[in-house]
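Numbering starts at 1 and runs along the sequence shown.
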Amino acid sequence: MIKNKTILLPVIFLSLISCNQESPNNQRKNSLTQIIDSTDMTNNFYDNTETYNLPVKELIVDGEIANPGKVDFSSLPKHSVIVKETLLDSAGGDRFTGAFRYDGYSLFDILEKRIIRKSNAVEFSPIIDLYIEIENDKGEKVVFSWGEIYYPNNLHKILIVSNVSRIVPSKTKELWTLPEESKIVVASDLITERNISNPVRITVRSFPISVSTTKGLSPMYSEKILLFNGKKQIGELTSVPESINTETFNTIFYGRGKGIHSTTPFYGVMLKDVLLKYYPVGRENLCSGIMCITGKDGYRCALSYSEIFNRNDQQEFLLIKSAAGEDGGLFRMFAASDFFSDRAIKSVSEVHLGF
């Protein structure tokens, strides 16, 4: 008798869930096997509504790679992200558009087997000055740094999505308007302007700047940071405004090549707070702003504008001021978002914004 009850309980559970499924009202039906839990019988908040298909367009990868070509989505695993989407409005504020769970293919997997062929490899061989430009079928473009894809503590957060479901509030029951096309979805963005529809091309590039490189330069010191917008210098930094709060970031500082460096905290100010007045927030910057931070020795890394100024995960970039004359100073940058320490720049000498 106990055995029969054990078999019966899962059947009742599945029946209850089935009875509460939304009736089909769209040809973009659920292609996944996930059961809709509209009765909140499990602890998963993100499986309570129907999942719809989004048609994915053919996607080409080219640029500074040895093996360009079409992406074979059938060979790639799917990942899921949860997103609260918000866009800029005409008044300069923001406009919430909905909360969703998206399933799709990560840029990490899409680019994983592409062989890098850097145009500036002779001058600077590390990959951390690479970025990618993604264009959609309307000609809109957004950018992501290579480090933003391959260095984060949390991987697979940038997807080309093929499925969507609403995350519906349990009391108010708002049914957010569903997208009808595939799109890029960036789970770490606060303002989701980079979530453009129907991506069709990915182009791999290295940041277009030429800086002389001196490997192993010591002692190394830069007394100021020069700030550029394009080719025009727009300012310089020799100190940090006293009005900006000092932050403490506890970390395990670990390099991709040399492994553990330290476990001591970093003390500094958020890089975005120092740079914001020189590089203001706007749709163009959020979508296609790509930046490069360089050190006195020519070491450099690319950063998208959004990963500095537009995060929703509080894994910020820190600007650290050392004592005057200290080797590696006057300023250093630390990337709290990264697993590896490779994008930590000593003796920061220049900041560049390009498009």
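Residues Met270 and Ile293 do not share a hydrophobic cluster, clusters being chains of Ile/Leu/Val/Met/Phe/Trp/Tyr side chains in contact below 4.5 Å. The cluster map of Ile, Leu, Val, Met, Phe, Trp and Tyr, joined by side-chain heavy atoms under 4.5 Å apart, puts Ile134 and Phe73 in the same cluster. Ile244 and Phe317 fall within a single hydrophobic cluster, where Ile, Leu, Val, Met, Phe, Trp and Tyr are joined by side-chain heavy atoms under 4.5 Å apart, directly or via other members. Val186 is connected to Leu155 through a chain of hydrophobic side-chain contacts under 4.5 Å among Ile, Leu, Val, Met, Phe, Trp and Tyr, so both are in one cluster. Residues Ile320 and Leu275 fall into different hydrophobic clusters, defined by Ile, Leu, Val, Met, Phe, Trp and Tyr side chains chained together at heavy-atom separations under 4.5 Å.
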Derivation and outcome, side-chain hydrogen bond (donor to acceptor under 3.5 Å, both in side chains), residues Asn154 and Asp313: CA-CA 10 Å; Asn154 301 305; Asp313 58 8; 5.4 Å; no
Audit row: Leu88, Ile191, side chain to side chain contact (heavy atoms under 4.5 Å, CB included) steps and yes/no: CA-CA 7 Å; Leu88 295 176; Ile191 305 298; 3.9 Å; yes
Evaluation steps, side chain to side chain contact (heavy atoms under 4.5 Å, CB included), between Leu87 and Glu193: CA-CA 6 Å; Leu87 300 174; Glu193 290 286 352; 3.7 Å; yes
Full working for side chain to side chain contact (heavy atoms under 4.5 Å, CB included) between Ile260 and Ile252: CA-CA 8 Å; Ile260 188 67; Ile252 309 299; 3.5 Å; yes
Ser106 and Asp109: CA distance, side-chain angles, deciding distance, side-chain hydrogen bond (donor to acceptor under 3.5 Å, both in side chains) verdict: CA-CA 5 Å; Ser106 76; Asp109 294 330; 3.2 Å; yes
side-chain hydrogen bond (donor to acceptor under 3.5 Å, both in side chains) between Glu64 and Ser119, worked out: CA-CA 7 Å; Glu64 297 178 28; Ser119 63; 3.2 Å; yes
Lys183 vs Val164, side chain to side chain contact (heavy atoms under 4.5 Å, CB included): CA-CA, chis, key distance, verdict: CA-CA 10 Å; Lys183 62 197 298 187; Val164 61; over 6 Å; no
Verdict with supporting geometry, Tyr52 and Glu50, side-chain hydrogen bond (donor to acceptor under 3.5 Å, both in side chains): CA-CA 7 Å; Tyr52 296 95; Glu50 189 170 5; 3.2 Å; yes
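In this structure, OG in Ser349 is found 11.0 Å from NZ in Lys224, a value given to the nearest 0.5 Å. Between atom OH of residue Tyr150 and atom CZ of residue Phe144 there is a gap of 13.0 Å, rounded to the nearest 0.5 Å. Rounding to the nearest 0.5 Å places OH of Tyr102 at 10.5 Å from CG of Leu159. In this structure, Tyr279 OH and Ile308 CD1 are separated by 9.5 Å, a value rounded to the nearest 0.5 Å. With rounding to the nearest 0.5 Å, the separation of CD1 in Ile234 from OH in Tyr278 is 8.0 Å. The OG atom of Ser222 sits 12.5 Å away from atom CD1 of Ile345, with the distance rounded to the nearest 0.5 Å.
Looking only at atom types and distance, the side chain of Asp297 has no donor-acceptor partner in the side chain of Thr214 under 3.5 Å away. Checking Thr49 against Arg101 by side-chain atom types alone, no donor-acceptor pair falls below 3.5 Å.
Applying the 6.0 Å contact sphere to OH of Tyr254 captures no more than 12 heavy atoms from other residues, nucleotides or ligands. Lys258 NZ: 12 or fewer foreign heavy atoms inside a 6.0 Å radius.
Evaluation of the side-chain contact (heavy atoms from CB on, under 4.5 Å) rule for Glu123 yields Ser210, Thr213, Arg300 as partners, not counting sequence neighbours. For the side-chain contact (heavy atoms from CB on, under 4.5 Å) test, residues two or more places apart in sequence or in another chain that qualify with Ala99 are Lys84, Phe96, Ile167, Trp176. Among residues two or more places apart in sequence or in another chain, the side-chain contact (heavy atoms from CB on, under 4.5 Å) test is passed with Asp72 by Ser74, Ser75.
Relative ring orientation between His261 and Phe253 is described as tilted, the plane-to-plane angle lying within the 30° to 60° band.
When each of Arg194, Lys157, Arg311, Arg343 is tested with Glu148 by the rule salt bridge (charged side-chain N to carboxylate O under 4.0 Å, His left out), just one qualifies, namely Arg194.
The backbone N or O of Gly289 sits nowhere less than 3.5 Å from a side-chain atom of Asn285 that would complete a donor-acceptor pair. In this structure, the side chain of Asn120 does not engage the main chain of Pro208 through any donor-acceptor pair within 3.5 Å.
Contact record, Val56 with Ile160: CG1-CG2, 4.3 Å, taken as the closest heavy-atom pair. Here the closest heavy-atom approach between residue Val185 and residue Asn195 is recorded as CA-OD1, 3.6 Å. Closest non-hydrogen pair, Ser304 versus Ser145, comes out as N-CB, 3.8 Å. Contact record, Cys292 with Ile209: SG-CG2, 4.2 Å, taken as the closest heavy-atom pair. Asn198 approaches Pro55 most closely through the heavy-atom pair OD1-O, 4.3 Å. A pairwise comparison of heavy atoms in Ala302 and Ile290 identifies CB-CD1, 4.4 Å as the closest pair.
A heavy-atom distance below 4.5 Å is not found between the side chains of Phe309 and Leu271. Between Leu226 and Val351, the closest side-chain pair of non-hydrogen atoms is not below 4.5 Å. Taking the side chain as every heavy atom from C-beta outward, Leu227 and Ile225 approach each other to under 4.5 Å. In this structure, the side chains of Val204 and Ile132 come closer than 4.5 Å at one or more pairs of heavy atoms. Looking at heavy atoms from C-beta onward, Val71 lies in side-chain contact with Leu76 at the 4.5 angstrom threshold. Counting heavy atoms from C-beta outward, Lys346 and Tyr299 have side chains that stay 4.5 Å or more apart. Taking 4.5 Å as the limit, some side-chain heavy atom of Met333 sits within range of a side-chain heavy atom of Cys301. Annotation: side chain of Lys70 is in contact with side chain of Ile60 (closest heavy-atom distance under 4.5 Å).
Listed by first and then second residue, the ring-ring contact (aromatic ring centres under 6.0 Å, His included) pairs involving residues 198-218 amount to none (not counting sequence neighbours). Judged as a side-chain hydrogen bond (donor to acceptor under 3.5 Å, both in side chains), not a single pair has a partner in residues 232-245 (not counting sequence neighbours).
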Throw together a table of side-chain donor-acceptor distances under 3.5 angstrom for residues 322-331, partners on residues two or more places apart or in other chains.
unit_1	atom_1	unit_2	atom_2	d
Ser322	OG	Leu330	O	3.3
Glu326	OE1	Ala323	N	3.4
Asp327	OD1	Met220	N	2.6

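Between Glu135 and Arg201 there is no salt bridge, since no side-chain nitrogen of the basic residue lies less than 4.0 Å from a carboxylate oxygen of the acidic one.
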